[in-house]
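Please read the structure below before turning to the comments.
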Amino acid sequence: MRKKLEALIQQAVVSLKKEGVIAEDINVNIALERTRGAQHGDFATNLAMMLAKSAKMNPRQLAEKLVAALPQDSAVTKVEIAGPGFINFFMDSSAQSDIIKLIHEHGADFGRSQVGAGKKIQVEFVSANPTGPLHVGHGRGAAYGSVIADLLEAVGFTVHREYYVNDAGRQMDILATSIWLRYLEECGEPMRFPDNGYRGDYVGDIARDIFRNAKNEYRRPFELVVEDIPQDEAQGGDKEAHIDALIARAKILLGTAGYRDVFQAGLNNILDDIKNDLLEFGVNYQEWFSEQQLMDDGSVEKALKRLQASGHLYEKDGATWFASSTLGDEKDRVVIRENGQYTYFASDIAYHANKLDRGFDQILDIWGADHHGYIPRVKAAIQALGADASKLKVLLVQFATLYRGEEKVQMSTRSGEFVTLRQLRDEVGKDAARFFYVMRRSEQHMDFDLQLATSKTSENPVYYVQYAHARVCSVLRHLVEKNLPRDIVSGMNALALLTEEHELALLSTLERYPEMLERAALTHEPHQLILYLRELANDFHTYYNAHQFLVDDAKVRDARLNLICAVKQVLANGLQLLNINTPESM
RNA sequence: GCGCUUGUAGCUCAGCUGGAUAGAGCAUCGGCCUUCUAAGCCGAGGGUCGCAGGUUCGAGUCCUGCCAAGCGUACCA
């Protein structure tokens with residue numbers, strides 16, 4: 001209906017251009033918006049005000065000319081000029097009720113479109129280091145990313161969901177060493193745990209696992225472990241130097257194979273846990289991409305060679321630098337350290353080179369907002385690799401500040417004091433957790449009150465939407481119980497009987513679904529979908545309270561049933577995109 | 001210091017490419033269950049849209065300055 005109206009206005013503009021009222025060369029961008037209140041009709045455009053200046057007319061005069069030039073159409077019942085020069089359109093309600101037929105026809109596909117035209121888009125999200133279980137901060141990125149991906153797919157993009165596994169690097173070594181030390185403890189070795197080690201219970205769990213399978217195979221005397229090792233922080237030394245020395249010692253004492261065993265046990269265990277966690281949270285991936293793989297197959301080296309060849313690398317102070325400052329970054333960045341090791345950024349360059357090589361039309365990275373300073377250098381890398389910086393879009397998800405009632409919850413992965421995603425799911429359930437996370441704009445700082453979210457009973461807004469769906473199902477059950485017949489076709493022929501205010505409001509909300517979906521997807525704003533569903537549910541609940549559906553008049557009854565079934569369908573379609581259940585009863 | 005993000009009702013947040021009287025939930029107060037589930041509905045109160053300028057027919061929205069909060073500013077990941 002919107003598109004139809006836009007076309008009509010376009011025709012009016014063209015004819016005014018021919019008459020010379022509007023200059024030929026003016027680019028007319030028709031802004032047609034839905035009105036907020038019924039007194040302004042169904043649609044309104046500010047076109048006359050936009051063009052008034054260039055046409056050298058006052059807006060109301062121009063509006064009159066536009067209206068006069070507008071072709072007749074049966075769907076438009078009235079056109080009004082209002083306020084400073086708005087043109088308001090009143091649409092025929094029988095034309096509006098056609099949306100019910102459309103929804104019935106398309107079913108689960110209603111709202112889906114092809115604006116993405118099959119373009120390949122990669123969405124990388126969560127990508128938390130496999131050094132421990134996911135916590136509630138990762139949950140927001142997981143929910144947000146998976147809904148973005150599903151939305152993009154719904155509007156016609158070919159979506160590749162990916163998790164970048166940081167299975168190389170120092171943090172993983174710290175984890176492996178932490179596990180080994182806990183293992184020594186399990187063996188009965190007297191042991192001092194480093195200040196900078198991973199302290200979570202899961203570290204001990206993995207250590208016990210290893211001990212159960214391998215017994216004392218990896219046991220070494222603790223005196224040898226700490227022999228000539230620099231002092232830890234609590235002992236008056238430097239914790240970083242201490243842990244690095246422990247890592248080096250672990251590699252020596254265990255040998256390459258032994259160290260790899262412990263390392264792999266930790267990685268596999270935690271990665272399996274993360275995969276399982278996300279699966280249960282309704283998050284699916286097409287690919288788990290290993291950083292170590294990039295190291296092993298020479299991709300990092302190759303990527304740096306490409307930068308070298310295009311003249312973006314230089315040596316200074318014994319390190320190799322990427323001249324990112326020539327491409328918009330604040331300063332240049334080290335890619336190979338003085339000690340010959342690649343920086344994290346080096347493998348990230350390789351990773352993005354790999355993404356580019358795979359031929360995605362668009363690359364979407366979803367990061368925690370604390371990484372925002374990283375964007376310019378990655379964009380610089382993209383350009384240095386010969387691609388357009390706009391190929392990459394980075395979406396930031398603000399970290400949620402956790403509260404338990406009034407009290408702020410402090411979190412630190414290292415100390416092991418954090419609320420895990422799994423704990424949250426156990427407490428509030430998948431549906432409420434997903435709904436809560438996606439409800440807010442992602443770049444908005446969010447106060448996440450666990451007490452509120454875990455209160456199963458009341459104000460979880462997800463129930464409100466689900467309840468609307470369940471209520472429709474309940475009405476349909478009653479229909480059967482009362483042995484009332486239902487004739488869908490007859491109902492479709494009687495849609496003109498839907499003239500109540502609440503019914504018209506529902507029709508207009510239903511009609512908005514496809515354009516809302518498109519916008520939510522293209523602007524990467526899943527909260528728009530949530531807002532919409534709450535509105536639709538509200539319209540329905542209001543209608544439910546005001547009118548009986550199972551009335552004696554069969555035609556009215558069938559028409560109303562078709563309407564509420566359309567509501568049920570759209571609620572289901574929306575909830576499905578959010579990967580939230582659609583209960584038939586509550 | 002510089003950069004990014006944010007500042008809207010008591011609280012948590014919406015506000016579509018600048019548009020008509022700034023909205024919702026929660027909380028508070030007052031109504032509605034012999035009718036298809038009251039996890040619902042109806043109503044009331046509550047706002048200098050951080051502050052000050054500017055742009056224009058028109059600014060919560062755009063520009064500038066200031067204030068405040070969070071994050072970032074590594075040869076860590």
Side-chain angles (χ1 to χ4, degrees), chain A residues 29 31 33-37 39-40 44-46 49-50 52-53 58-59 82-86 88 129 131 166 168-172 174 240 291 316-321 330-331 333-345 347-348 368-376 396 398-399 401 439-441 443-449 452 456-468 470-479 481-482 484 512 515-516 519-520 523 525 527-528 530-531 534-535 537-538 540-551 560-561 564 585-586:
Chain A
N29 187 13
E33 60 180 31
R34 289 185 184 273
T35 53
R36 251 181 300 170
Q39 72 273 21
H40 296 130
T45 181
N46 59 0
M49 290 180 284
M50 302 280 284
K53 192 173 247 181
N58 83 49
F86 288 103
N88 294 333
N129 283 348
T131 52
N166 291 116
R170 183 163 171 268
Q171 292 304 319
M172 286 305 294
I174 294 176
E240 306 293 346
E291 179 189 8
K316 194 181 93 181
D317 303 333
T320 303
W321 296 70
E330 286 180 349
K331 50 177 283 195
R333 309 289 173 178
V334 171
V335 287
I336 303 176
R337 288 183 255 173
E338 214 172 340
N339 65 10
Q341 293 206 309
Y342 293 122
T343 58
Y344 172 81
F345 181 45
S347 46
D348 232 16
D370 53 338
H371 287 73
H372 65 79
Y374 213 73
I375 297 173
L396 298 176
Q398 279 290 350
F399 199 77
T401 311
M439 194 162 56
R440 256 102 225 209
R441 238 168 72 240
E443 60 267 39
Q444 180 73 250
H445 295 254
M446 172 169 127
D447 284 349
F448 198 124
D449 185 345
L452 193 80
K456 187 128 192 170
T457 44
S458 55
E459 55 273 346
N460 257 322
V462 62
Y463 296 130
Y464 185 80
V465 178
Q466 288 181 319
Y467 183 44
R471 263 186 156 173
V472 178
C473 296
S474 172
V475 173
L476 295 174
R477 281 194 297 273
H478 269 269
L479 180 78
E481 280 166 24
K482 289 184 175 176
L484 287 169
R512 259 171 47 214
E515 66 199 55
M516 175 284 303
R519 189 164 78 92
T523 60
E525 291 185 339
H527 73 278
Q528 298 288 352
I530 299 240
L531 282 167
R534 293 173 78 170
E535 240 179 273
N538 180 33
F540 172 75
H541 285 308
T542 305
Y543 179 39
Y544 181 97
N545 267 65
H547 297 283
Q548 193 78 12
F549 307 146
L550 301 178
V551 290
R560 289 185 173 173
L561 285 172
I564 65 169
S585 67
M586 289 174 75

Atom [atom1] of [X] to atom [atom2] of [N]: distance rounded to whole Å?
{"X": "A:Met50", "N": "B:U56", "atom1": "CE", "atom2": "C1'", "answer": "12 Å"}
{"X": "A:Arg333", "N": "B:C75", "atom1": "CZ", "atom2": "P", "answer": "8 Å"}
{"X": "A:Leu531", "N": "B:A24", "atom1": "CG", "atom2": "C1'", "answer": "8 Å"}
{"X": "A:Leu396", "N": "B:U6", "atom1": "CG", "atom2": "C1'", "answer": "12 Å"}
{"X": "A:Ile530", "N": "B:C16", "atom1": "CD1", "atom2": "C1'", "answer": "17 Å"}
{"X": "A:Arg34", "N": "B:C16", "atom1": "CZ", "atom2": "P", "answer": "16 Å"}
{"X": "A:Asn46", "N": "B:U61", "atom1": "CG", "atom2": "P", "answer": "18 Å"}
{"X": "A:Asn538", "N": "B:A24", "atom1": "CG", "atom2": "C1'", "answer": "9 Å"}

Check the interface with nucleotides 45-47 of chain B: list each N/O to N/O pair with the protein under 3.5 Å, or write none.
none

>> Are B:A77 and A:His371 stacked, with the base six-membered ring and the side-chain ring centres under 5.5 Å apart and planes under 30°?
In response: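 The ring of A:His371 is stacked on B:A77.
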
Considering just the side-chain nitrogens and oxygens of [X], establish if one lies under 4.0 Å of OP1 or OP2 belonging to [N].
{"X": "A:Gln528", "N": "B:G15", "result": "yes"}
{"X": "A:Arg337", "N": "B:C76", "result": "yes"}
{"X": "A:Gln444", "N": "B:G70", "result": "no"}
{"X": "A:Thr542", "N": "B:C42", "result": "yes"}
{"X": "A:Arg534", "N": "B:A14", "result": "no"}
{"X": "A:His527", "N": "B:G15", "result": "yes"}
{"X": "A:Tyr464", "N": "B:C41", "result": "yes"}
{"X": "A:Arg441", "N": "B:U6", "result": "yes"}
{"X": "A:Arg440", "N": "B:G25", "result": "no"}

>> Identify the stems formed by RNA chain B, where each pair is Watson-Crick or G-U wobble with both distances under 3.5 angstrom and a stem is at least 3 consecutive pairs.
In response: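 Listed by first number, the stems are B:1-7 with B:67-73, B:10-13 with B:23-26, B:28-32 with B:40-44, B:50-54 with B:62-66.
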
Touch class at under 4.0 angstrom, heavy-atom based, for [X] against every strand present:
{"X": "A:Asn88", "value": "base"}
{"X": "A:Ala468", "value": "nothing"}
{"X": "A:His541", "value": "sugar-phosphate"}
{"X": "A:Glu515", "value": "nothing"}
{"X": "A:Tyr374", "value": "base"}

>> As a quick check of understanding, evaluate side chain to side chain contact (heavy atoms under 4.5 Å, CB included) for A:Gln444 and A:His527, giving each step before the final call.
In response: CA-CA 11 Å; A:Gln444 180 73 250; A:His527 73 278; over 6 Å; no

Suppose you measure atom [atom1] in [N] against the same atom in [M]; what distance do you get, rounded to whole Å?
{"N": "B:G18", "M": "B:G60", "atom1": "C1'", "value": "10 Å"}
{"N": "B:C2", "M": "B:C66", "atom1": "P", "value": "8 Å"}
{"N": "B:C51", "M": "B:U61", "atom1": "P", "value": "11 Å"}
{"N": "B:C26", "M": "B:A39", "atom1": "C1'", "value": "15 Å"}
{"N": "B:G15", "M": "B:G50", "atom1": "P", "value": "15 Å"}
{"N": "B:C13", "M": "B:C49", "atom1": "C1'", "value": "14 Å"}
{"N": "B:C42", "M": "B:G54", "atom1": "C1'", "value": "45 Å"}

> Parallel, tilted or perpendicular: which describes the rings of A:Phe540 and A:Tyr544, with under 30° parallel and over 60° perpendicular?
Replying inline: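 Geometry flag for A:Tyr544 against A:Phe540: tilted rings.
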
> Out of B:G40, B:A38, B:U6, which has the shortest distance to the side chain of A:Glu443?
Replying inline: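 Taking heavy atoms from C-beta onward, the closest nucleotide is B:U6.
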
I'd like a table of atom pairs between the protein and nucleotides 33-35 of chain B - only N or O on both sides, under 3.5 Å - with the distance next to each one.
from  : atom 1 : to       : atom 2 : distance (Å)
B:U35 : O2'    : A:Gln548 : NE2    : 3.3
B:U35 : O2     : A:Gln548 : OE1    : 3.1

